[in-house]
Protein chains: 2
Amino acid sequence: MNSIVAGVDVGGRGTSIGFVNREGKIIHQGNIPTLTHQDVDIYIKSLVDYIQQESKVLEPNYKLVGIGVGAPDANCITGTIEHAPNLGWGDYVPFVTKLKIYFPDLPIALSNDANATAVGEKVFGGAKSMKDFVMLTLGTGVGGGLYVNDQLVIGSGGFAAELGHVNVQPEGRECGCGRLGCLEAYCSATGMEQTALELLAHSRKDSLLRGFNINKMGAKDIYEAATQGDQIALETFEKTGEWLGRAIVDFVCIFNPEAVFLFGGPLQAGKVLLEPVERGVNKYLLSMYKGSFKVLRSELSNADAAILGNAAMVWQKLR
Amino acid sequence: MNSIVAGVDVGGRGTSIGFVNREGKIIHQGNIPTLTHQDVDIYIKSLVDYIQQESKVLEPNYKLVGIGVGAPDANCITGTIEHAPNLGWGDYVPFVTKLKIYFPDLPIALSNDANATAVGEKVFGGAKSMKDFVMLTLGTGVGGGLYVNDQLVIGSGGFAAELGHVNVQPEGRECGCGRLGCLEAYCSATGMEQTALELLAHSRKDSLLRGFNINKMGAKDIYEAATQGDQIALETFEKTGEWLGRAIVDFVCIFNPEAVFLFGGPLQAGKVLLEPVERGVNKYLLSMYKGSFKVLRSELSNADAAILGNAAMVWQKLR
């Protein structure tokens with residue numbers, strides 16, 4: 001009988017559950033509501049019911065051997081979800097302990113999304129043969145995951161690799177964290193929208209983006225304008241690449257990695273983003289590191305990465 | 001018979017050799033000339049002669065069990081010294097291989113100074129019980145050493161932890177590396193001298209430092225002026241602390257360490273430097289890390305750190 005691991009992606013809008021085999025194939029998947037701001041025990045019971053019911057369906061061919069959960073503000077050391085405002089389950093939710101009651105014999109891992117993405121890249125993606133690499137996840141925010149000496153870097157308290165909150169511009173843009181000038185404030189999808197807005201404000205150039213409602217213009221619209229040669233949109237990607245390049249060269253100085261992987265929605269722009277990143281890296285890189293690493297697009301698909309990464313947390317332990 | 005390890009510090013001005021026991025005590029030490037810009041084999045022979053001769057003297061009580069060498073531009077993976085302009089021995093010197101000819105049965109380690117200082121702190125200093133910490137060495141330059149998951153971070157090519165070359169000010173001061181705005185350009189002893197000069201240039205305040213020849217004013221003079229209440233000198237430390245604080249909070253986001261150690265000449269200023277660093281850290285720290293780590297002064301003495309650190313590279317392997 002084949003083994004499968006349940007990868008669980010706990011999001012504010014819903015929870016996706018996928019059953020992932022050893023090779024990284026999702027055999028079966030589905031969704032349940034996340035029940036935010038309610039009693040977490042009721043949510044956990046519904047998650048358990050779903051996993052038990054679906055693994056029974058799969059039972060003739062597959063045996064459930066572990067559960068990997070990804071959630072915001074997850075602490076992988078303690079197995080708790082801490083101060084997650086969008087979930088509204090309280091300050092410290094001992095998520096792993098609560099799941100263990102129902103699955104006492106299975107390994108259960110809990111992690112945040114960006115760490116799980118790094119593990120997914122290592123176990124199923126482009127980093128299989130790498131010992132030292134950096135993962136940057138670009139989305140509403142910017143997250144990070146790190147491998148050093150072939151191990152995920154979790155830090156002494158479980159909160160390492162908050163790479164979106166390194167500073168790229170002292171006294172720069174306001175970040176969601178309350179500080180100024182974080183990478184996230186420039187290179188998240190939201191940051192890219194702000195960059196476009198700044199460029200529109202400082203220039204008299206015509207632009208397709210001037211036709212948008214300010215609060216409706218998204219990173220995808222900027223990409224589409226860029227593919228049509230829109231100067232403001234192209235400059236937005238150029239600046240995003242320069243800021244990312246700046247952060248990446250610092251990570252290279254710190255880790256001397258084999259690769260820096262980029263993941264997330266903005267990567268759908270392909271070389272419209274990656275070429276400016278390369279230019280940014282080449283502009284700022286310390287010469288001793290030239291040719292020592294690659295900037296790579298993650299090999300995980302956006303749609304599956306969370307489930308694969310969360311399942312990979314367990315597969316990595318089982319291997 | 002007690003075991004000892006030779007710690008060798010290869011510097012541009014001379015080579016110090018110390019024989020270090022398991023507890024981190026230097027039993028005996030001495031110096032030889034470094035013979036820069038000459039045939040490296042002649043230098044190595046003189047180093048070998050010294051080690052053999054002195055260990056013979058120590059032989060009734062001590063047995064030499066390893067050699068740890070620290071040198072600029074050392075690659076700890078390949079055991080080579082690469083492109084070290086001050087040594088002038090050529091592009092790639094296979095230092096460990098050359099030493100092995102004379103000591104085929106002994107473990108021999110090669111490392112750069114800052115990494116060795118981190119290992120020294122771990123084996124003999126304040127980081128004995130820590131698994132995750134950052135070491136910043138402040139001197140003519142700024143160096144770095146990192147422990148993650150209880151291991152020294154060396155990177156895929158042996159050149160990780162160049163922490164002096166993370167950016168703290170985009171398009172900022174010229175750094176010796178040829179780029180702009182590196183931490184080293186602000187927080188090395190040389191950087192502190194530049195800061196004082198900038199402050200003197202921008203202000204009409206009276207200052208003891210105005211009595212100095214510009215190219216003779218050193219970090220030590222700034223410290224001495226600060227202890228006498230000199231405003232420009234105190235402000236120099238304040239700014240240095242702020243830049244260090246900025247870099248430290250980024251390292252904390254990245255590593256979630258137990259401590260950040262500071263080492264080197266400028267630390268002789270004690271709280272005149274450490275208090276501004278604390279203020280800088282508190283000003284910029286992401287709130288989730290509050291109370292999660294300490295900024296500590298290295299417990300290694302400046303005079304002995306290189307020898308202890310280099311010997312520690314070997315002791316760590318032997319333990």
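Below, chain A is the first sequence line, B the second, and so on; all start at residue 1. Just so it is clear, the values below take in all heavy atoms, side chains as well, and ignore hydrogens, waters and symmetry mates. If you're wondering where the values come from, they're calculated on a predicted model, not measured in any experiment.
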Handout entry: Spatial distance of atom CG (A/N149) from atom CD1 (B/I154) [nearest 0.5 Å]
Key =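 If we round to the nearest 0.5 Å, A/N149:CG and B/I154:CD1 are 6.5 Å apart.
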Practice task
Name, in order of residue number, those residues of residues 252-264 of chain B that have a heavy atom at a distance of less than 4.5 Å from a heavy atom in chain A; otherwise write 'none'.
Solution key: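 Listed by number, the contacting residues are B/C253, B/I254, B/F255, B/N256, B/P257, B/E258.
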Practice task
Residue by residue, scan residues 282-291 of chain B and write down, ordered by number, those that have a heavy-atom distance under 4.5 Å to chain A; if none do, write 'none'.
Solution key: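 Answer by number: B/Y284, B/L285, B/L286, B/M288, B/Y289.
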Handout entry: chain B neighbours within residues 158-181 of chain A, where any heavy atom lies under 4.5 Å away
Key =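 Listed by number: A/G158, A/F159, A/A160, A/A161, A/E162, A/L163, A/H165, A/V166, A/N167, A/V168, A/Q169, A/P170, A/E171, A/C177, A/R179.
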Problem - Part of residues 107-136 of chain A lying next to chain B, heavy-atom separation under 4.5 Å - result: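 The residues closer than 4.5 Å to chain B, in numerical order, are A/D132.
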Problem - Which portion of B/F251 sits near chain A, non-hydrogen atoms under 4.5 angstrom - result: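 When you check distances to chain A, only side chain atoms of B/F251 fall under 4.5 Å.
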